[in-house]
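Encoded as structure tokens, the structure appears first; notes follow it.
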Amino acid sequence: MKQADFPILNQTINGQRMIYLDNAATSQKPKQVIDAMTHYYQVDNANVHRGIYDLSERATAAYEASRDKVQAFIHAKYRKEIVFTRGTTESINWLASTYGVAHVTADDDIVISYMEHHSNIVPWQQLAQKTGAKLKYVNLNSDGTLDMSDLAQKITDQTKIVSIAHASNVLGVVNPIQEIANIAHQHGAIMIADGAQSAPHMVVDVQALGVDFFAFSGHKMMGPTGIGVLYGRLSLLEQMTPAQFGGEMIERVSLTGATFKPVPWRFEAGTPNIAGAIGLGAAIDYLTAYGMTQIENDERQLVAYALPKLLAISGLTVYGPQDSAYHTGVIAFNLAGIHAHDLATALDQEGIEVRAGHHCAQPLMTKLNLSATARISVYSYNTMTEIDRLISVLEQIKEYFSHEFA
Amino acid sequence: MKQADFPILNQTINGQRMIYLDNAATSQKPKQVIDAMTHYYQVDNANVHRGIYDLSERATAAYEASRDKVQAFIHAKYRKEIVFTRGTTESINWLASTYGVAHVTADDDIVISYMEHHSNIVPWQQLAQKTGAKLKYVNLNSDGTLDMSDLAQKITDQTKIVSIAHASNVLGVVNPIQEIANIAHQHGAIMIADGAQSAPHMVVDVQALGVDFFAFSGHKMMGPTGIGVLYGRLSLLEQMTPAQFGGEMIERVSLTGATFKPVPWRFEAGTPNIAGAIGLGAAIDYLTAYGMTQIENDERQLVAYALPKLLAISGLTVYGPQDSAYHTGVIAFNLAGIHAHDLATALDQEGIEVRAGHHCAQPLMTKLNLSATARISVYSYNTMTEIDRLISVLEQIKEYFSHEFA
Amino acid sequence: MSLHNLDNLYRQSVMAYAKHPRHYRPVATTDCNQATKYNPTCGDTITISVELSGDLITDIHFYGDGCAISKASASMMTDLVIGKDKAEIQQLMDNFLKMTMGEQVDTDTLGEAQLLAGVTKFPTRIKCATLPWHTLQALLFSKEEAK
Amino acid sequence: MSLHNLDNLYRQSVMAYAKHPRHYRPVATTDCNQATKYNPTCGDTITISVELSGDLITDIHFYGDGCAISKASASMMTDLVIGKDKAEIQQLMDNFLKMTMGEQVDTDTLGEAQLLAGVTKFPTRIKCATLPWHTLQALLFSKEEAK
Ligand SMILES: Cc1ncc(COP(=O)(O)O)c(C=O)c1O
Ligand SMILES: Cc1ncc(COP(=O)(O)O)c(C=O)c1O
């Protein structure tokens, strides 16, 4: 992928060319995406669905065209299965506070895993607290993959909801969602996949995965902030009550009650993030033109290149699978004797932007008996040269911290 | 205000220079706002609050600087009283579903008015349905202003929440929020103002208004879509539970529960609309540099010019006050014998973009015994020349529909 | 001047139908076979009631509040469907909906309703033209409106 | 090379404090006068326990998990506050917090802790340096951390 498409990458930080390796937190945007939003504001901006004039028709058409793009991108059966949200967090919260409250009782349980992001934990904790249901965590194997035999035990006929990350934002593993969905369905539970870390990096086919709901964020897939998606199987969405009320989701309002528009508009209360949806559409165009399979390949190669080099640094521990064939572009690690935060500050001095901390996955950190790790996460626009520089700077930092203060 | 700052205004629609008169639905954006977002994506884009590297620090500083700008703009006492939301609709929904659910019981009532937007009706209907509380509507006087004696009767010691539009999106009236807040407080109720139509057009001082909560949308005040604000009095915000969970609002997560960050971050779950907040900050800079008082003056002059000319068209009915001294830049009207939709289509043929319909205020329409009206709504960038053209085209349309099909 | 573009939509005959709608009278709650549809975007409402003899529409009337286009469309539709059976009406419906989407169809069968073909140039108004047809569809075939 | 900018932050003496922290031992649940603070952004935790005689700190120890900066800062702070009373500590606290914000203060009173002044050039790390002080503040004055 052409770095030249990404204006932000062409900058220096602390005198060094920036190497951006925090893509799991948020991705950078190609100029095509920035331009699409600028164009919207410079040419087409109006409120959607409500106007009967030309400008508003153009805005509505552009907004709804993005829905079609999302549908094609995740291979949903119907365009109405695509609901625009603020992001993964909102998508999952809506599920917990509407579908969850309607279907889960004190006798039921909800199954998640130890590798979930807080956004796929806390909404379920709240639901469990509210309903008296039990929240169960599926164990991990020693290599960080999901313990499928534990999963088969934890999912029972009492399980109403199974919600699992498609790809981990710490361990670099991809979970076998299709297999999990089968097990969930055998027990009459619905299957939710948190696609925040998968949708940006691999071909997603919600029908093949067999999921009932799929959540992801635009900003992690080259799209703008403030926009994301909740995919839902039509029959389930149609039963679901909205989480928010007002504006365009309304059909009729009397003094005492209201009826709502059909799916998906029913879920999009108030003026939506129109420019955000259009930017997401442009991001999908960009990703699709380049090819999601190509992105998968690029990142597989980057990991195949980086992982052995990282593991070769003595004192460096990688969490999750050690074999690059089973590791996504998210690599969490620690360097013995240097706290992750100090490491991140040192890398930043060399213009290398990585994350350090708990990565919004505290239950996982507790499980791994860690308080913090450093994490790099690549996107297709990263290069082998950048990996080379990362490795060499890591070596220098090791030296700096061991020699200078011996 | 310089039209040249607004690239979108320089276009033709159906061969005519566009005249945008649907500002109550959404406003146009000056290039300063578009540029601020482009700059963010081209230079500073990173996730906020989580990084310990330079780029993320810049993104966080820019995001939090917007909070300071909002605080100054509405004269809030503390920066922590500013919560970023998607818009007015989300702000009010959060109040209804958290503060409302926590404080309203079957014996209580909630007071709104007949002139509210659906976004300030339906969330309260839902709350009333859920809790058994009573939803009361304050009557209007024949000129469309709020019936203050009815209000004084409807607000009782049973009232827990009073929620009223600061400015109407149909009738062009500004409600005496300070006086209403006093009455609400005398009865121990909290006062919410829907500021969607006021914040863009007048100086707002939430402390002087005496409101407990104030909601508004960025996109109506020259800012981007997908961002809005919930202002809350600190002591109330601090008691309030969040509506969404996950990501940056978290402090600690154990397997069974979580603690949350302090106000306001507690309410901002997931990756927020960072570029949106930055764009809103740029909009506030733009509005403030020009001057909110100047905007009020500009629009008062436009209305003083337009309203008498409209009223002079025979067969044209204006809803709300007939005296321009008491009418904001929102003017709803009908032209006898021409349905509002046909009128809007005809105006669009001449490049004049206005709204027709119920303006998301069906209870008001029912009350007024109307099914639809046309509506123009000006912003400071509109001009007398545009008003002249509107008036002359309205005359032509009248002629077209009466002569052509006599 | 640009207003004359409107002629594509508001032809004299269309306006005549709108101003003097045919089969237009209140639908009583006691009238059988009725359906109401509503366009939430603009607030247009229409209620239709039909009398059926087997599959055949023997009478129809409508009432409601809407713009010239929806009233004219309803008016033309009522003229057209009386004396037709469900199969024929289904065919007319398909043709009419296709015509408003700008597809090539045999419009001759649509009688006066073909005068609404101009709506294709006014995309925001297509829903006004199709509202009566969707209402009749719901009434006769009680299918959900395909969107 | 750019890593030498780090010298502003990670001075030899700072690293010595981090590697061999002073008054660093587990805080038992039975220890009195204790407080724990947590930096939710990065996960650093610190627990402090003090022994008081009236207003005077006679002993202090801390435990926790954190980066070099937060450990060094805690370590230096414990050295500094033993034998001081609340009023003096309040003064030190103010000075330290101001120093980390880049304000001009009399840093001499801060002893070794003044070595952390370099943190002003690393804005994301200021919270690491101030975490122990905020914890002590909560413990002694049970005020909410001003943000
Ligand atoms: C696996 C996973 N789930 C959920 C989220 C939350 O996404 P967002 O902050 O965009 O709502 C993230 C990103 O931080 C993630 O990595
Ligand atoms: C008075 C009023 N309240 C609420 C809203 C809803 O605002 P938003 O759609 O930005 O959430 C609007 C705008 O349509 C409005 O005019």
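Numbered from 1 within each chain, the chains take letters A, B, ... in sequence-line order.
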Problem - Residue part contacting chain B, namely of A:Thr38, when any heavy atom lies under 4.5 Å - result: both
Practice task
Please answer whether the main-chain N or O of B:Met222 pairs with a side-chain N or O of B:Ser27 as donor and acceptor at a distance below 3.5 Å.
Solution key: yes
Problem - Region of A:Tyr20 that comes under 4.5 Å of a non-hydrogen atom in chain B - result: side chain
Exercise for the section: Counting only heavy atoms closer than 4.5 Å, note whether A:Ile13 contacts chain B via side chain, backbone, both or neither. Expected result: side chain
Exercise for the section: Tell me, out of B:Glu90, B:Met365, B:His219, who's got the most heavy-atom pairs with chain A below 4.5 Å. Expected result: B:Glu90
Practice task
Answer with side chain, backbone, both or neither: which region of A:Thr241 has an atom nearer than 4.5 Å to a non-hydrogen atom of chain B?
Solution key: neither
Fill in the blank from the handout: When the 4.5 angstrom heavy-atom criterion is applied to A:Gln349 and chain B, the contacting part is neither
Exercise for the section: Counting only heavy atoms closer than 4.5 Å, note whether A:Glu353 contacts chain B via side chain, backbone, both or neither. Expected result: both
Practice task
Side chain from CB out, backbone as N, CA, C, O: work out which of these in A:Val354 comes under 4.5 Å of a heavy atom of chain B, or both, or neither.
Solution key: backbone
Handout entry: Options B:Lys31, B:Met37, B:Met18, B:Arg252, ranked by heavy-atom pairs under 4.5 Å with chain A, top entry
Key = B:Arg252
Practice task
Let me know if A:Phe260 has heavy atoms under 4.5 Å from chain B in its side chain, its backbone, both or neither.
Solution key: side chain
Problem - Under 4.5 Å from a heavy atom of chain B, the part of A:Pro224 involved - result: both
Practice task
Output yes when a side-chain donor or acceptor of A:Tyr137 lies under 3.5 Å from a complementary backbone atom of B:Leu255, and no otherwise.
Solution key: yes
Practice task
Could you look at A:Arg58 and say if it's the side chain, the backbone, both or neither that has a heavy atom under 4.5 Å from chain B?
Solution key: side chain
Handout entry: A:Asn120 portion near chain B, given a 4.5 angstrom heavy-atom threshold
Key = neither
Problem - Those residues that, when tested against B:Ser119, pass side chain to side chain donor-acceptor pair (under 3.5 Å) (two or more places apart) - result: B:Thr89, B:His117
Handout entry: chain B contact via A:Ile121 - side chain, backbone, both or neither, heavy atoms under 4.5 Å
Key = side chain
Practice task
Please state whether the side chain, the backbone, both or neither of B:Trp124 comes within less than 4.5 Å of a heavy atom of chain A.
Solution key: neither
Completion exercise
The interface call for A:Asn93 against chain B, heavy-atom contacts under 4.5 Å, is side chain
